[in-house]
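Reading through the structure tokens given below for one structure.
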Amino acid sequence: MIFPPPPPPGDGFKPPANGVALFDSAGIDPASILEPLVPLFAPYCGGVTQQLLLEGAVGQLLMGEWNGERRLEGDGVRAFSLRWHGEPAPLETLRCELQFPDLPAVRYEFTLPAYQLVLWLMQRHEHQLPVSFWRWLLLGERPRSASGASPLDGATAVA
């Protein structure tokens, strides 16, 4: 299987022409793609003790997008769409875009290692990403990896 290369730096976020970020599911058994990737991500994402969460997160990684919501103080909720593309390997850099449909002028572009996105996808609850994602994106706070080290050396967030 051939994955599309990441776009050249500085061109902004451009989803692949076919609209599929990491793989095209036509005629391909998703389990055959997922099975070899889970062990690759396991050392970066808590090991096999988190197997079910890891499988779900890697499966989501292969989809290239996730729609969720950001809960605000009080009863406020903001729907968002998070998209990414790049190689589905733990240390490969993903180019990501976060948009809020109700706020079209608010858009974030950033890059990060694929395993960090997988970790955040493992930590999601219902339709929410963990607080560590928002603290990284909005405040620049470094999240802790599954092993306790700061994983995002070289990751960048651009508002």
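Only this structure's heavy atoms are used, side chains among them; waters, hydrogens and symmetry mates stay out. One is the number of the first residue; the rest follow in order along the sequence.
- Under the salt bridge (charged side-chain N to carboxylate O under 4.0 Å, His left out) criterion, Arg78 pairs with no residue at all, not counting sequence neighbours.
- Gln99 pairs by the side-chain hydrogen bond (donor to acceptor under 3.5 Å, both in side chains) definition with nothing, not counting sequence neighbours.
- Residues that satisfy the side chain to side chain contact (heavy atoms under 4.5 Å, CB included) test with Leu91, not counting sequence neighbours, are Tyr44, Tyr115.
- Judged as a ring pair (Phe, Tyr, Trp, His ring centres under 6.0 Å), not a single pair has a partner in residues 87-107 (not counting sequence neighbours).
- Residues Arg124 and Trp66 meet the side-chain proximity criterion, which asks for heavy atoms closer than 4.5 Å.
- The salt bridge (charged side-chain N to carboxylate O under 4.0 Å, His left out) check on Arg71 picks up Glu69, with sequence neighbours excluded.
- Applying the side-chain hydrogen bond (donor to acceptor under 3.5 Å, both in side chains) rule to Gln128 yields no partners; only residues at least two apart in sequence or on another chain are considered.
- Between Leu61 and Leu37 there is no side-chain heavy-atom pair separated by less than 4.5 Å.
- Residues forming a side chain to side chain contact (heavy atoms under 4.5 Å, CB included) with Leu82 (at least two apart in sequence, or on another chain): Phe80, Trp84, Cys96, Leu98, Phe110, Leu117, Leu129.
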*Verify side chain to side chain contact (heavy atoms under 4.5 Å, CB included) between Gln50 and Cys45, making sure each step is shown before the conclusion.*
CA-CA 8 Å; Gln50 303 280 331; Cys45 301; over 6 Å; no

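- Shortest non-hydrogen contact noted between Leu54 and Ala42 is CD2-CA, 3.6 Å.
- Smallest separation of non-hydrogen atoms from Ala79 and Pro101: O-CD, 3.2 Å.
- For Ser132, the side chain to side chain contact (heavy atoms under 4.5 Å, CB included) partners two or more places apart in sequence, or in a different chain, are Trp120, Gln123, Pro130, Pro143.
- Glu35 and Pro39 get closest at one heavy-atom pair: O-CD, 3.0 Å.
- In this view, Arg135 and Glu141 satisfy the side-chain hydrogen bond (donor to acceptor under 3.5 Å, both in side chains) rule, not counting sequence neighbours.
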